[in-house]
> 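Structure below; questions to follow.
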Amino acid sequence: MKTTLGKTLPPYPAFAEGIRRAPDRGYTLNPAQTATALKNALRYIPCELHAQLAPEFLEELRTRGRIYGYRFRPEGDLKPLPIDAYRGNCLEGKAFQVMIDNNLCFDIALYPYELVTYGETGQVCQNWMQYLLIKQYLEELTAEQTLVIESGHPLGLFRSRPDAPRVIITNSMMIGQFDNQHDWHVAAQMGVANYGQMTAGGWMYIGPQGIVHGTFNTLLNAGRLKLGIPANEDLRGHLFVSSGLGGMSGAQPKAADIAGAVSIVAEVDASRIETRRQQGWVQHVTNDIATAYRMAHEAVQRCEPCSIAYHGNVVNLLEYAERKQIAIELLSDQTSCHAVYEGGYCPAGVTFEERTRLLHNAPETFRSLVDASLRRHFEVIRKLVARGTYFFDYGNSFMKAIYDAGIREISRNGVDEKDGFIWPSYVEDIMGPELFDYGYGPFRWVCLSGKHEDLIKTDRAAMECIDVNRRGQDLDNYNWLRDAEKNHLVVGTQARILYQDAVGRMTIALRFNDMVRRGEVGPIMLGRDHHDVSGTDSPFRETANIRDGSNVMADMAVQCFAGNCARGMSLVALHNGGGVGIGKSVNGGFGMVCDGSERVDEILRSAMLWDVMGGVARRSWACNEHAMQTSETFNASHKDGYHITMPNVANDEEIQKLVNP
């Protein structure tokens, strides 16, 4: 087994034209740190090649803010292949190779050459030396070994058991004293920290489809809760405005179309707009604000779904609406504000190309422009909300970025950010009480055969497992699957997302494993977004509707990770940061390979319930009404080995009288 790369230096690869490249992340290391960074990268390289590669790595570090090891990137597009095309000693080792390549292929990755899958900075691993070693280890991996990955670095293979995880991943789990953006940036330059986002560093991203379903659910329920739309109707005749058309945010126009809405989504990067247009995820493109609103108004009048990409800055788009008194009913934002000073947010008055130059040549100037633009953004949203617009933060750290820019008026308690902000996170108003508290979250699967017919079979099987008469959420999710084929949701390999609760996920998972056992489909990888019921602790997003003070605790995500390890999920991952930034979230997820075995059945029966109900239990203990109802029902139906601790709810009026006599 190789533990370093070969002694023959590969030729420097060509970069394909038209493929997006990551901006300069900023080089800030002192000479001693720079020397350490070079030595760290050279650890993967045989010593006789160090003299040749050290200057190359130093140039990458100084000009791009990272050592990517471009020379070691395989040529061409890393398209995911059918699982049988990969080498390996166990099914899981081959399955994970499918998932890694799916995360890095040109169709999905935001910056493929920099290993960034989505979210501006979310990487599979730090550099191409790590990628090659991980692939080698996965080819060698057996059913009695576990591969350990620490911030992208493959620590090695360790003997374990067939019912233990085959891969355990952690990303950027920094010590509290240093768990901040500045120290993380230093660590990332030195090659010891990797931003795993929610699913990039856990190898479970399935393209923008992964967020379309959540956005679809969010928009539908926002309309029902805030616009008075009946439960059996959609958003026809209503306008939704937002920004961002990247890896995650690109789901917005597609989700709005499926929900029946008219949408305008601003995006400063023309290449991202073109990607979504080519994929059929946005219908119309314009760089004229008046044209965008005219098209939207006409579609609203016709009560027809219509998605419009506006090539320009969202601040200008909103200020125009405020001046012209154009009614915007639903408003959000999905720029990458967890990396607001690293290019995730483009200031008003600055083109995308100027943004990239400023990041490299004048980062402090760029920072001041971002702060000024955030002030404008905040002020125009405040005016629109005063006129009746419902604005919700879509979990991209937008309101925290405004607060960090010095705009303290956005604080809900007027003192700090601990109680959240004056506008709700979508989890507070919508996703939390209507989905997470019941256990509904983003269950996913990938047909590892690469066959589209396998995906169709699994769609039908999952539909058969859903009782549409149980809750309104079940009907929404059934309809999502019913229409999935005509909505052309697949980008990358054959995958699907479906919001389901604990029992629903377990039932579908067992059905899939039985289908594999019977030879009806090839092997299937199960997983989920870390953005889920129990996967993530994040006070401004996933735990925004937990109000007992524990929203700042990371116990749930760590317990979810540990419990999935103990129960034998094929892959388990734990990350710092996620969609909101370093130090603002801890998130965990899993991957589970269905091979048709009874062993997998047993793991699914235990792990699928734990993965969801641990989070429902925590939400119930916070006295969330729907979570308490769900927990009581679960206690009654699962007396054989389960019991969730139920709270005794204090009388709020009596407590207030005591505290404030």
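Heavy-atom basis, side chains included; hydrogens, waters and symmetry copies ignored.
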> Assess whether salt bridge (charged side-chain N to carboxylate O under 4.0 Å, His left out) is satisfied between R66 and E60, documenting all intermediate values.
CA-CA 6 Å; R66 300 285 189 277; E60 288 183 14; over 6 Å; no
> Testing E120, E114, Q189 one by one against R25 for a side chain to side chain donor-acceptor pair (under 3.5 Å), which residue passes?
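So the option named by the test is E120.
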> Distance to the ring centre below 6.0 angstrom and angle to the axis at most 45 degrees; does that hold for R73 and W128?
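Relative to the ring axis of W128, which defines the angle, R73 lies inside both limits.
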> Within a strict 4.5 Å, meaning less than it, do heavy atoms of the N587 and D532 side chains meet?
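Result no, sub-4.5 Å side-chain heavy-atom pair not found.
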> Without hydrogens or angle criteria, can the side chains of H213 and N477 be said to hold a donor-acceptor pair below 3.5 Å?
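Checked: H213/N477 side chains pair up, N/O donor to acceptor below 3.5 Å.
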> State, with a plain yes or no, whether a side-chain heavy atom of L61 is found less than 4.5 Å away from one of E56.
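A side-chain contact under 4.5 Å is absent here.
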> We want to know whether R471 and Y440 form a side-chain donor-acceptor pair, criterion being a heavy-atom distance below 3.5 angstrom.
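Yes, because at least one side-chain N or O of R471 sits under 3.5 Å from a partner of the opposite role on Y440.
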> Aromatic ring centroids of Y44 and H153 under 6.0 Å?
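That pair passes the under 6.0 Å test.
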> Between the side chains of R64 and Y70, does any donor sit under 3.5 Å from an acceptor?
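Y70 and R64 do have a side-chain donor-acceptor pair below 3.5 Å.
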> Is the distance between the ring centroids of F15 and Y113 under 6.0 Å?
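They qualify: ring centres under 6.0 Å apart.
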> Between S538 and K584, is there a donor-acceptor pair closer than 3.5 Å when you use the side chain of the first and the backbone of the second?
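Checking the backbone N and O of K584 against the side chain of S538, a donor-acceptor pair under 3.5 Å is found.
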> Search all heavy atoms of C594 against all heavy atoms of V600 and return the closest pair with its distance.
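Where C594 meets V600 most closely, the heavy atoms are CA-CG1, 4.2 Å.
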> Please tell me whether Q197 and Y205 have a donor and an acceptor in their side chains that are separated by less than 3.5 angstrom.
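There is no such pair between these side chains.
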> Measure the CD-CD1 distance between Q473 and I466 for me, rounded to the nearest 0.5 Å.
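So the gap between those two atoms works out to 12.0 Å.
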> Without swapping roles, check the side chain of E150 against the backbone of N171 for a donor-acceptor pair under 3.5 Å.
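No, because the side chain of E150 does not come within donor-acceptor range (under 3.5 Å) of the backbone of N171.
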> Do the numbers put R619 on top of the ring of F436, so that NZ or CZ is under 6.0 Å from the six-membered ring centre and no more than 45° off the axis?
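Judged by the rule (NZ or CZ under 6.0 Å from the ring centre, within 45° of its axis), R619 is not positioned above F436.
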> With no hydrogens and no angle check, just 3.5 Å: does a side-chain donor-acceptor pair link R567 and N564?
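Distance-only check fails for R567 and N564.
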> Hey, is the main chain of V516 close enough, under 3.5 Å, to the side chain of E520 for a donor-acceptor pair?
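Here the side-chain-to-backbone pair does not exist.
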> Ion pair present between E542 and R618, side-chain N to carboxylate O less than 4.0 angstrom?
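So E542 does not pair with R618 through a salt bridge.
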> Is there a donor in the side chain of D454 and an acceptor in the side chain of S449, or the other way round, less than 3.5 Å apart?
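Result is yes, a qualifying pair exists.
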> Please confirm whether the backbone N or O of M204 pairs with a side-chain atom of R444, one donor and one acceptor, at under 3.5 Å?
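Looks like yes, one N/O pair under 3.5 Å.
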> Taking the side chain as C-beta and beyond, is there a heavy-atom pair between D467 and D474 under 4.5 Å?
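No - every pair of side-chain heavy atoms lies 4.5 Å or more apart.
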> Using a strict cut-off of less than 4.0 Å between a Lys/Arg side-chain nitrogen and an Asp/Glu carboxylate oxygen, indicate whether D595 and R517 qualify as a salt bridge.
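So D595 does not pair with R517 through a salt bridge.
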> Just by distance, no angles: are the side chains of H452 and Q494 close enough, under 3.5 Å, to form a donor-acceptor pair?
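The criterion, which ignores hydrogens and geometry beyond distance, is satisfied for Q494 and H452.
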> Do any pairs count as a ring pair (Phe, Tyr, Trp, His ring centres under 6.0 Å) and have a residue in residues 554-594, sequence neighbours left out, and if so which ones?
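Non-adjacent pairs meeting ring pair (Phe, Tyr, Trp, His ring centres under 6.0 Å): H530-H575.
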> As an exercise, state the distance from CG of D601 to CE of M506, rounded to the nearest 0.5 Å.
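If I round to the nearest 0.5 Å, the distance is 10.5 Å.
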> Would you say the side-chain atoms of Q130 pair up with the backbone N or O of Q126, donor to acceptor, closer than 3.5 Å?
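Yes; at least one donor-acceptor contact below 3.5 Å.
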> Do the side chains of T458 and I524 get nearer than 4.5 Å, heavy atoms only?
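They are in contact (side-chain heavy atoms under 4.5 Å apart), so the answer is yes.
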> I'd like to check the side-chain contact (heavy atoms from CB on, under 4.5 Å) partners of D163; sequence neighbours left out, ordered by chain and number.
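Once residues adjacent in sequence are excluded, the partners of D163 under the side-chain contact (heavy atoms from CB on, under 4.5 Å) criterion are R161.
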> Looking at R21, I want to see if its CZ is surrounded by more than 12 non-hydrogen atoms of other residues, nucleotides or ligands under 6.0 Å.
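Yes, CZ of R21 has more than 12 neighbouring heavy atoms, counting only those of other groups under 6.0 Å.
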> Is I45 close to F72 at the side-chain level, that is, under 4.5 Å between some pair of heavy atoms?
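Yes. Closest side-chain heavy atoms under 4.5 Å.
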> Among pairs that include at least one residue of residues 190-202, which meet salt bridge (Lys or Arg N to Asp or Glu O under 4.0 Å), considering only residues two or more places apart or in two chains?
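As it turns out, there is no salt bridge (Lys or Arg N to Asp or Glu O under 4.0 Å) pair with a partner in residues 190-202 once direct neighbours are skipped.
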> Would a 4.5 Å heavy-atom cut-off, applied to side chains only, mark I149 and I134 as touching?
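A side-chain contact under 4.5 Å exists here.
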> Any salt bridge (Lys or Arg N to Asp or Glu O under 4.0 Å) involving residues 187-196? Give me the pairs, sequence neighbours left out, ordered by first then second residue.
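The answer is none; no pair qualifies.
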> Does any N or O in the side chain of D77 come within less than 3.5 Å of the main-chain N or O of C105, such that one atom is a donor and the other an acceptor?
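Pair absent, no side-chain N/O of D77 close to backbone of C105.
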> Which residues pass the ring pair (Phe, Tyr, Trp, His ring centres under 6.0 Å) test with W184, not counting sequence neighbours?
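In terms of ring pair (Phe, Tyr, Trp, His ring centres under 6.0 Å), with neighbours along the sequence ignored, W184 is linked to Y195.
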> Which atom names give the shortest non-hydrogen contact between I169 and V167, and what distance separates them?
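Minimum heavy-atom separation between I169 and V167: CG1-CG1, 3.6 Å.
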> Under a 4.5 Å cut-off applied to non-hydrogen side-chain atoms, are C565 and I168 in contact?
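A side-chain contact under 4.5 Å exists here.
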> Under the salt bridge (charged side-chain N to carboxylate O under 4.0 Å, His left out) rule, what do R599 and E92 come out as? Steps first, then yes or no, please.
CA-CA 14 Å; R599 174 186 66 85; E92 293 90 342; 3.4 Å; yes
> Distance alone, cut at 3.5 Å: any donor-acceptor contact between the side chains of T645 and W621?
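The answer is no; no qualifying pair exists.
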> Could you grab the distance from atom CD of E464 to atom CG of D459, nearest 0.5 Å is fine?
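So the CD of E464 and the CG of D459 are separated by 11.5 Å.
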> Does any N or O in the side chain of S336 come within less than 3.5 Å of the main-chain N or O of A339, such that one atom is a donor and the other an acceptor?
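No, because the side chain of S336 does not come within donor-acceptor range (under 3.5 Å) of the backbone of A339.
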> If you draw a 6.0 Å radius around CZ in F178, do more than 12 non-hydrogen atoms from other residues or ligands fall strictly inside?
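For F178, atom CZ is not crowded (no more than 12 foreign heavy atoms under 6.0 Å).
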> Could you tell me whether the side chains of T199 and Y118 share a donor-acceptor contact shorter than 3.5 Å?
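T199 vs Y118: donor-acceptor pair found between side chains.
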> Do H488 and Q209 meet the criterion of a side-chain donor-acceptor pair at a distance under 3.5 Å?
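Judged by distance alone, the side chains do not pair up.
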> Just by distance, with hydrogens left out, do N576 and D179 show a side-chain donor and acceptor under 3.5 Å apart?
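Yes, side-chain donor-acceptor contact under 3.5 Å.
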> For the residue pair Q123 and C125, establish whether any side-chain heavy-atom pair is separated by less than 4.5 Å.
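Counting from C-beta outward, Q123 and C125 never come under 4.5 Å.
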> Identify the heavy atoms of V616 and S631 that sit nearest to each other, and give their distance.
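Scanning both residues, the minimum pair turns out to be CG1-OG, 3.6 Å.
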> Look at the side chain of T146 and the backbone N and O of P165, then say whether any donor-acceptor pair between them is shorter than 3.5 Å.
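Flag set: sc T146 to bb P165 pair under 3.5 Å.
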> Walk me through it: do F443 and Y499 pass the test ring-ring contact (aromatic ring centres under 6.0 Å, His included)?
CA-CA 6 Å; F443 177 54; Y499 268 61; over 10 Å; no
> Which heavy atom of W610 sits nearest to which heavy atom of G563, and what is that distance?
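Looking at all heavy atoms of both residues, the closest pair is NE1-CA, 3.3 Å.
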> Ring centroids only, cut at 6.0 angstrom: are F216 and W480 within range, meaning strictly under it?
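Yes; W480 has its ring centre under 6.0 Å from that of F216.
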> In plain terms, say whether R518 and D514 are close enough for a salt bridge, that is, a side-chain N and a carboxylate O under 4.0 Å apart.
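A salt bridge links R518 with D514.
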> May I have all residue pairs that pass side chain to side chain donor-acceptor pair (under 3.5 Å) and include part of residues 94-108, sequence neighbours excluded?
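Checked against side chain to side chain donor-acceptor pair (under 3.5 Å) - neighbours excluded - the pairs reaching residues 94-108 are K79-D107, Y86-D101, D101-Y131, D101-K135.
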> Write down the atom of G93, the atom of L141, and the distance for their closest heavy-atom approach.
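Taking G93 first and L141 second, the nearest heavy atoms are CA-CD2, 4.0 Å.
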> Crowded around Q279 CD? As in, over 12 foreign heavy atoms under 6.0 Å?
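Yes, because the 6.0 Å sphere around CD of Q279 holds more than 12 heavy atoms from other groups.
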> List the steps and the verdict of side-chain contact (heavy atoms from CB on, under 4.5 Å) for I67 and L38.
CA-CA 8 Å; I67 296 174; L38 288 174; 4.2 Å; yes
> Looking only at side chains, do T142 and R166 share a donor and an acceptor under 3.5 Å apart?
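No, no side-chain donor-acceptor contact under 3.5 Å.
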